**Q** 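Before I ask anything, here is the structure I am working with.
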Amino acid sequence: MAANNSFQMKIDPEENGGRNHSFSVVTNREVSTQTDHSMQGHSPRLSKVNLFTLLSLWMELFPMKRVDQENDKQVKRTGLVIVHNMKITGLHCSSSELHAGQIAVIKHGSWLKGCDLYFSRKPCSSCLKMVVNAGVNKISYWPADPEMSLLQNETVSSSSSSSPDAKLDANAAERLKSNSRPHVCVLLQPLAFNMNQFVEETSMKCDFLQKIVCLDPSFQLEEFFIEYRKQRLKDYEKIFLISNEEAHKGILMKMGLENFCENPYFTSLRQNMKDLILLLATVDSSVPGCAGYGFHCRDTQLGDEDRDQGLPQGIARHCMVQAKLLAYRTEDPKTGVGAVIWAEGKSSNCDGTGAMYLIGCGYNAYPVGSEYADFPQMDDRQKDREIRKFRYIIHAEQNAITFRCKEIQEDEKTMIFVTKCPCDECVPLIKGAGIKQIYTGDLDSKKVKADISYQKFGSLQCVHKFTWQRNPEASSVTEQHTSTVKANGFFGKHHRDFEEELQTSKRSCVQEK
Ligand SMILES: Nc1ccn([C@H]2C[C@H](O)[C@@H](COP(=O)(O)OP(=O)(O)OP(=O)(O)O)O2)c(=O)n1
């Protein structure tokens with residue numbers, strides 16, 4: 001068994017006849033919707049499995065109201081990604097009243113049949129039995145402290161270890177795992193070679209940070225970025241990694257993952273986890289939640305009421321980071337773009353995302369089913385227009401609209417978050433689809449290139465544009481940065497407090513002066 005579950009081995013649980021294996025690790029097994037191949041010679045890209053895992057972690061951090069944080073301390077907040085036919089059909093997180101698995105059952109019901117579920121924590125037995133019953137295909141979870149926390153915790157009555165209930169729950173979950181039809185496992189893949197370095201470089205060059213540089217030439221980009229990421233990394237390691245290795249092994253044992261406790265598997269497991277956490281912290285830092293910048297509406301035609309329809313900055317940033325993660329699945333050899341569409345329902349619902357629910361998401365890629373080298377890949381620098389990529393690549397927004405999992409309702413607020421300014425091909429699509437708000441960067445706005453131009457965005461009417469820009473009410477970025485680092489203010493705060501502070505203090509839409 002130990003050899004079969006080797007961390008270094010390429011394991012296909014289905015081929016192994018091992019649907020019920022206690023765990024499996026898939027290494028170097030790329031799963032793609034579109035061009036199903038490794039794109040040698042191109043920038044490294046995220047595997048689907050890692051993208052879903054990262055999104056599940058990120059969903060755990062969806063900005064929440066303070067009251068939700070006072071939840072039962074034994075139950076950890078959990079993020080969840082629901083995938084059907086390798087396409088994301090749900091992004092959720094637990095709320096003060098409901099666990100992520102319960103929300104999945106409420107929101108998706110029998111549509112869960114055949115889906116793969118990625119949890120940011122091993123779900124408790126109550127959730128596990130319901131999603132197993134719904135006929136899901138696969139359940140993957142992040143191998144740290146489970147939803148029903150097994151960590152020693154001062155808030156838990158038993159002082160020496162986890163509570164008896166948590167232990168009973170771990171045993172029941174283990175039994176459900178072993179006796180159930182779906183494959184319940186830990187799916188983590190090593191990142192592509194140089195992936196973290198690539199993400200760091202592209203994050204610093206991204207439209208959001210570059211806009212700050214454009215508007216404030218004294219902005220110390222690198223210094224700011226490194227410091228901001230350091231803090232995010234510290235926060236996320238605290239949430240998603242068990243710092244004490246022995247405690248981590250103890251939890252893995254209790255979750256039935258004893259084979260992960262042996263070396264070299266344990267070291268590899270932790271390294272994979274740390275690499276993914278670093279990637280998350282880096283991507284998060286490319287849309288920084290301070291420095292006086294945010295998504296603001298500068299449409300002078302709008303009244304105050306319309307401008308106030310914007311999302312709290314913490315939520316807007318959160319959705320943009322989702323889009324940024326998606327962009328690292330791009331098939332464009334040069335420019336990765338991600339898009340995610342959310343809608344706000346009429347009333348707040350049971351989900352940790354409040355009234356917001358996912359409509360669809362995507363990244364720029366060649367048409368579904370195409371193979372690498374089926375289509376041209378060159379850009380404008382190539383004189384021969386025949387071999388340029390632009391007429392072949394499907395844009396992030398186009399994929400998000402095409403493969404949406406829910407319909408866009410005329411009477412609801414639907415919002416698209418896209419990591420790059422929508423081009424002239426996409427602007428009419430977004431408007432025609434009934435999307436009411438666009439959150440994006442406008443660095444490329446008004447640009448005209450030979451095969452792609454960004455002229456229509458500026459004059460787009462009837463869709464509110466929330467572009468990344470300086471909040472006119474905030475002090476300069478340099479002042480803020482210096483004072484925050486010196487005073488250890490924002491930087492020293494826990495991410496959620498920080499998000500909350502942003503939400504309450506700065507409502508988004510502020511007219512550019
Ligand atoms: N809102 C947008 C904007 C662009 N794209 C995609 C379509 C192409 O895959 C790629 C084009 O990006 P650029 O306009 O930046 O063109 P290049 O990739 O050639 O880069 P540049 O001209 O900046 O060097 O991005 C997208 O999906 N959604």
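Just so it is clear, the structure is predicted and the values come from calculations on it, not from any experiment. Start at 1 and go down the list; that is how both ligands and their atoms are numbered.
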**Q** I need the contact residues for ligand 1: any residue with a non-hydrogen atom closer than 4.0 Å to the ligand, ordered by chain then number.
**A** D332, K334, T335, V337, N364, D379, K389, F390, I393, H395, A396, E397, V418, K420, C421, P422, K449, I452, Y454
**Q** Using only heavy-atom distances, determine whether the side chains of S218 and D216 contain a donor-acceptor pair under 3.5 Å.
**A** yes
**Q** Not counting sequence neighbours, which residues clear ring pair (Phe, Tyr, Trp, His ring centres under 6.0 Å) with F457? List them please.
**A** none
**Q** Can you name the ring pair (Phe, Tyr, Trp, His ring centres under 6.0 Å) partners of H84, sequence neighbours left out?
**A** none
**Q** Here's one to test your reading of the geometry: is the NZ or CZ of K447 within 45 degrees of the ring axis of Y454 and under 6.0 Å from its centre?
**A** no
**Q** Indicate yes or no for a side-chain donor-acceptor contact from R121 to the backbone of R77 under 3.5 Å, with no hydrogens or angles considered.
**A** yes
**Q** Does any pair with a residue in residues 190-209 pass salt bridge (charged side-chain N to carboxylate O under 4.0 Å, His left out), and if so which ones, sequence neighbours excluded?
**A** E200-R229
